[in-house]
Novice: 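Below you will find the structure I want to go over with you.
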Number of protein chains: 2
Amino acid sequence: MISIHKALKEKGLKVTPQRVAIYKAVVDCKNHPTVENIIDTIKMEYPSISVGTVYKVLNVLVSNDLLRKVESEKEVMRYDAVLEHHHHLFCMDTDRIEDYEDKELDILVAAYFKKKEIKNFKIENFKLHITGKFIK
Amino acid sequence: MISIHKALKEKGLKVTPQRVAIYKAVVDCKNHPTVENIIDTIKMEYPSISVGTVYKVLNVLVSNDLLRKVESEKEVMRYDAVLEHHHHLFCMDTDRIEDYEDKELDILVAAYFKKKEIKNFKIENFKLHITGKFIK
DNA sequence: TTATTAAAAGAGAATAATTATCTTTGCAGA
DNA sequence: TCTGCAAAGATAATTATTCTCTTTTAATAA
Ligand SMILES: [Mn+2]
Ligand SMILES: [Mn+2]
Ligand SMILES: [Zn+2]
Ligand SMILES: [Zn+2]
């Protein structure tokens, strides 16, 4: 568990209750919430927060690498508090997105790309987008 | 080169000049055009087309698996006429997205997942989202 | 502790992308 | 050729997000 207070400080950002609350809401929502999810969660203990503030703070946190956006083909953006390298499981039937981490796979793919380069392209990172169905 | 005329027929969809033109525009635009790109291209030989029609037709083509959406963290949707299994190279500095196909990699990863299953998840497909920089 | 100040929050309007509604048009089968 | 349904076109509506402006507040120093 990272201290958001400390993290904001380190980035030279003011520590405000809203920023802390919004960050916490993304963590609490779990599994890549939408802005709507985040607002709903926050409103429980911060009923007067402004929607514009939520968007603004999310953008600040993303551009300071304290949160990430999740790419999707849907119309609404989703956010991720997990900064460590990981992949995503996308449910084909619902909007559920789960984290998938797999060091062994990372090593396998990294080794593959170390041998076989992509021409005209310098790889910085890769991520698997795995589609399928959650079972049980 | 697939016949869009035939493809539409096979899906039980009416063949209209607009549908054909929009499909062709996605192919011609190359590399995952936005709706704006598509409209610009189409307007050259179809100046009177309606924006709503473009959106509607794109949705029809996507839901009939004649086109695909490309997932991204940006605000605008992008489309893909390449239906065969392939991966994407995302430029870190620009909005450029290029196709990357690699049968050897596909086999490697598929073999990996055949051995090591993901618990509670039935994989249907996977796709690599590779970020980096285009060089030269 | 208080004063100062730059940065952030809040409110609401504006914009941008996309979808929905309604009317008109036109493909396709009879 | 006629007819009916599906699609196109026009435009309004909706949704997600950003912007602008004012007020508030966190951080620093006196
Ligand atoms: Mn989007
Ligand atoms: Mn939007
Ligand atoms: Zn994640
Ligand atoms: Zn592609």
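Bear in mind the structure is a predicted one, so any value in this text is a computation, not a measurement. Each chain gets a letter, A, B and so on, in the order its sequence line appears, and its residues count up from 1.
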Novice: Calculate the interatomic distance between A:I49 atom CD1 and D:dT23 atom P; express it in whole Å.
Specialist: 20 Å
Novice: Let me know the distance between NZ of B:K11 and C1' of D:dA6, rounded to the nearest Å.
Specialist: 19 Å
Novice: Can you tell me if the side-chain N/O atoms of B:Q18 get under 4.0 Å from OP1 or OP2 in D:dG9?
Specialist: yes
Novice: How about A:F126 and B:H88: are their ring centres within less than 6.0 Å of each other?
Specialist: no
Novice: Which part of the nucleic acid, if any, lies within reach of B:V60 when heavy atoms closer than 4.0 Å are counted: base, sugar-phosphate only, or nothing?
Specialist: nothing
Novice: Go through the side-chain N and O atoms of B:H32 and B:D95 and say whether any donor and acceptor fall under 3.5 Å apart.
Specialist: no
Novice: State whether B:N59 places a side-chain N or O below 4.0 Å from either non-bridging phosphate oxygen (OP1 or OP2) of C:dT19.
Specialist: yes
Novice: What's the NZ-P distance between A:K56 and D:dC19, to the nearest Å?
Specialist: 11 Å
Novice: Choose from C:dA17, D:dT17, D:dA27 the nucleotide whose nearest atom is closest to any side-chain atom of A:V15.
Specialist: D:dA27
Novice: Run the numbers on B:K122 and B:E124 for salt bridge (charged side-chain N to carboxylate O under 4.0 Å, His left out), then give the verdict.
Specialist: CA-CA 6 Å; B:K122 169 87 185 329; B:E124 286 289 335; 3.7 Å; yes
Novice: Check the distance between D:dT17's P and A:E36's CD and give it to me in whole angstrom.
Specialist: 10 Å
Novice: Hey, does B:V35 have a side-chain heavy atom less than 4.5 Å from the side chain of B:Y79?
Specialist: yes
Novice: Measure from CG on A:L61 to P on C:dA9 and round the result to the nearest Å.
Specialist: 9 Å
Novice: Roughly how bent is the helix from C:dT1-D:dA30 to C:dA30-D:dT1 end to end, in steps of 10 degrees, with each end axis from five pairs?
Specialist: 40°
Novice: Taking OP1 and OP2 of D:dA8, is either one under 4.0 Å from a side-chain nitrogen or oxygen of B:S50?
Specialist: no
Novice: Verify the contact: side-chain N or O of B:Y55 to OP1 or OP2 of C:dT19, cut-off strictly under 4.0 Å; return yes or no.
Specialist: no
Novice: Roughly how many Å is it from CG in B:L8 to P in D:dA8, rounded to a whole number?
Specialist: 10 Å
Novice: What is the distance, rounded to the nearest whole Å, between atom NZ of A:K69 and atom P of D:dA16?
Specialist: 15 Å
Novice: Send over the distance from A:I22 CD1 to C:dG10 C1', rounded to a whole Å.
Specialist: 12 Å
Novice: Taking A:H5 for the side chain and A:S3 for the main chain, is one N or O donor matched with an acceptor at less than 3.5 Å?
Specialist: no
Novice: Does B:T16 make a side-chain N or O approach to OP1 or OP2 of C:dG26 shorter than 4.0 Å?
Specialist: no
Novice: Please tell me which of B:L13 and A:G12 maps to the more 5' nucleotide of DNA chain C, matching each residue to the nucleotide holding its nearest heavy atom.
Specialist: A:G12
Novice: So which nucleotide from D:dA8, D:dG9, C:dA9 ends up closest to the side chain of B:V57?
Specialist: D:dA8
Novice: Heavy atoms only: give me the nearest B:K14-B:L8 pair and the separation to one decimal.
Specialist: O-CD1, 4.3 Å
Novice: Given the structure, check if the side chain of B:K14 and the base of C:dG29 hold any donor-acceptor pair shorter than 3.5 Å.
Specialist: no
Novice: Using heavy atoms to find the nearest nucleotide of DNA chain D for B:R19 and B:G52 separately, return the residue whose nucleotide is more 5′.
Specialist: B:R19
Novice: Could I get the full list of side-chain contact (heavy atoms from CB on, under 4.5 Å) partners for A:V60, not counting sequence neighbours?
Specialist: A:L13, A:R19, A:N64
Novice: Report the residue (A:S48 or B:V51) whose heavy-atom-nearest nucleotide on DNA chain C is the more 5′ of the two.
Specialist: A:S48
Novice: Could you name each residue pair satisfying side-chain hydrogen bond (donor to acceptor under 3.5 Å, both in side chains) that touches residues 35-50 of chain A, not counting sequence neighbours?
Specialist: A:Q18-A:Y46, A:T34-A:N37
Novice: Please determine if a side-chain N or O atom of A:T53 lies less than 4.0 Å away from the OP1 or OP2 oxygen of C:dG10.
Specialist: yes
